[in-house]
Amino acid sequence: MTDTTPTSALPNANFTRRVFSGIQPSGNLTLGNYLGALKRFAQKQDEGIETIYCLVDMHAITVWQDPEKLRRATREAAAAFIASGVDPSKSILFNQSQVGAHAELGWLLNCVARLGWMNRMTQFKDKAGKNAEKASLGLYAYPALMAADILLYHTTEVPVGDDQKQHVELTRDIAAKFNHDYGVEFFPAPEPVIEGAATRVMSLRDGSKKMSKSDPSDASRINLTDDADTIAKKIRKATTDAEPLPETIDGLKDRAEAKNLVNIYAALSDRTAADVVAEYAGQGFGTFKPALADLAVAQLAPISGEMNRLMQDPAEIDRILGKGAAQADAIARPILEKTYEIMGMVRSR
Ligand code: TYM
């Protein structure tokens, strides 16, 4: 056993390509979740690869959740996936707690991950803040559960926003250490897939902060449940500078708020930021913001409408999640059993 990070990762050529990703069902999903994750999840379905998407309710409880609100938020997040184009007949869609193998592999990987690695996780530092002594043990161990989520399916690709890159890299380290310590070639080294124009959508009030469902200011974000008027109003009121848009994206370098709005426009319209800047060069926000508001309303209002419709029938959502969980379990169980066997556990029932 070593305490150092092994450098060898298994070539993923040995594994069938498989996509896995997850979202926490804790409160309103935002435009950041949509552009950084949901929209891209739907696109991945058409690449001829198996796609598995998970509502990570066991991650959500690393900070206190009111049980009724968590149940509702889980169904609402499932509705958001489907309304964003994730089709339960093409992708496996389920909530994490219905597949017990996640928690089981999570424990096994707690025993592989090193404290030194966990101490480097910036998201723990951000979330625990100054009061880390009062944070739950689960919040600290969370990245090892995330590694389990991914490795349980021998995942090769993990589409995420920029903020999750460090956790996927940790997953690679955990996989490599497991393979090294047990002398096996069992877990692949999953690749973080961070692509598109909006891998880090920033707050509408402060271009140095990530757009987040936990920001106390509702004006800082667009929620997927916002109606057309609210979306348009939040964009019109977004903080910007007084300069017109530059000729090229280099001119956005020190203009975080302007850059954010351009990136959002680009991601919503499936264009590059360079393309958008070229179109609006020399124009002020008096022109750009209404154009962005129209685009955002056209793209997002149908999603919130469809979410509302789906939420009228929670039993149907639960049925979809249950079916997805059974499909996920069928892939996960044999991989978990093999992990137990590799680690030396007697399995006799
Ligand atoms: P979570 O729930 O915070 O976010 C879900 C996804 O949305 C992306 N995202 C953003 N992308 C761009 N701009 C933003 N402002 C923004 N905010 C959020 C996140 O990068 C993420 O892709 N630990 C994960 C959930 C998780 C997971 C996994 C992900 C658990 N197990 C296994 C992948 C694979 C999380 O808290 O994401």
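Counting convention: from 1, in listed order, for ligands and their atoms alike.
Applying the salt bridge (charged side-chain N to carboxylate O under 4.0 Å, His left out) test to every pair with at least one member in residues 277-286, sequence neighbours left out, gives these pairs: Arg271-Glu279. The list of salt bridge (charged side-chain N to carboxylate O under 4.0 Å, His left out) pairs with a residue in residues 78-98, not counting sequence neighbours, reads Asp46-Lys90.
Between Phe81 and Tyr53, the two ring planes are tilted [angle within 30° to 60°]. Ring-plane geometry between Phe288 and Phe285 is classed as perpendicular, the angle between the planes exceeding 60 degrees on a 0 to 90 degree scale with a lower cut at 30. The aromatic rings of His102 and Phe20 lie tilted to each other, with the angle between the two planes from 30° to 60°.
Of all protein heavy atoms, the one closest to atom 25 (C) of ligand 1 is Gly22 O, 3.6 Å. Nearest protein heavy-atom neighbour of atom 3 (O) of ligand 1: Gln164 NE2, 4.3 Å. Closest to atom 28 (C) of ligand 1 among all protein heavy atoms lies Met146 CG, 3.5 Å. Of all protein heavy atoms, the one closest to atom 12 (C) of ligand 1 is Thr199 O, 3.3 Å. From the protein, the heavy atom lying nearest to atom 23 (N) of ligand 1 is Tyr142 OH, 2.3 Å. Considering only non-hydrogen protein atoms, atom 6 (C) of ligand 1 sits nearest to Ala37 CB, 3.7 Å.
Considering backbone and side-chain atoms alike, Val201 places an N or O below 3.5 Å from some N or O of ligand 1. Checking only distances, Gly161 does come within under 3.5 Å of ligand 1, N or O to N or O. Where the criterion is an N or O separation shorter than 3.5 Å, residue side chain and backbone included, Asp163 meets it with respect to ligand 1. Distances between N or O atoms of Gly32 and those of ligand 1 include at least one value under 3.5 Å. Considering backbone and side-chain N/O atoms, Val158 never comes within less than 3.5 Å of an N/O atom of ligand 1. By the 3.5 Å distance cut-off applied to N or O atoms, His167 is not counted among the residues near ligand 1. Ligand 1 has a nitrogen or oxygen under 3.5 angstrom from a nitrogen or oxygen of Gln24.
Under a cutoff of 6.0 Å and an axis angle of 45°, Arg18 and Tyr153 do not form a cation-pi pair.
Residue contacts with ligand 1 for Ile150 involve side-chain atoms from C-beta outward but no N, CA, C or O (heavy atoms, distance under 4.0 Å). With a heavy-atom cut-off of 4.0 Å, Val160 touches ligand 1 through backbone and side chain alike. Here Asp149 has side-chain heavy atoms under 4.0 Å from ligand 1, and that is the only part of it that gets that close. At a 4.0 Å heavy-atom cut-off, ligand 1 touches Lys213 through the side chain alone.
The pair Asp318-Arg75 meets the salt-bridge criterion, with a side-chain N (NZ, NE, NH1 or NH2) lying under 4.0 Å from an Asp/Glu carboxylate O. Ion pairing between Arg17 and Glu157 holds under the 4.0 Å rule for side-chain N and carboxylate O. Taking 4.0 Å as the cut-off between side-chain N and carboxylate O, Asp250 and Lys253 do not count as a salt-bridged pair. Using a cut-off of 4.0 Å between Lys/Arg side-chain N and Asp/Glu carboxylate O, Arg221 and Asp215 are scored as not salt-bridged.
The closest heavy-atom contact to atom 17 (N) of ligand 1, among the options Gln123, Arg221, Arg40, Met211, comes from Met211.
Shortest non-hydrogen contact noted between Asn263 and Ala273 is OD1-CB, 3.6 Å. The two atoms that bring Pro246 and Arg255 nearest to each other are CD-NH1, 3.6 Å, heavy atoms only.
Interface atoms of ligand 1 facing Arg200, defined by a heavy-atom separation under 4.0 Å, are 12 (C), 13 (N). The distance from ligand 1 to the heavy atoms of Gly36 drops below 4.0 Å at these ligand atoms: 11 (N), 12 (C). Atoms of ligand 1 found under 4.0 Å from any heavy atom of His59, numbered from 1 in the order shown, are 30 (C), 31 (N). The atoms of ligand 1 that sit less than 4.0 Å from any heavy atom of Lys210 are 15 (N).
Using a non-hydrogen distance threshold of 4.0 Å, Asn33 registers as a contact of ligand 1. Assignment of Met202 to the shell around ligand 1 is not supported, since no heavy atom sits closer than 4.0 Å.
Between Phe186 and Tyr182, the distance from one ring center to the other does not fall under 6.0 angstrom.
Here Glu68 contributes atom CD and Arg71 contributes atom CZ; the two are 4.5 Å apart, rounded to the nearest 0.5 Å.
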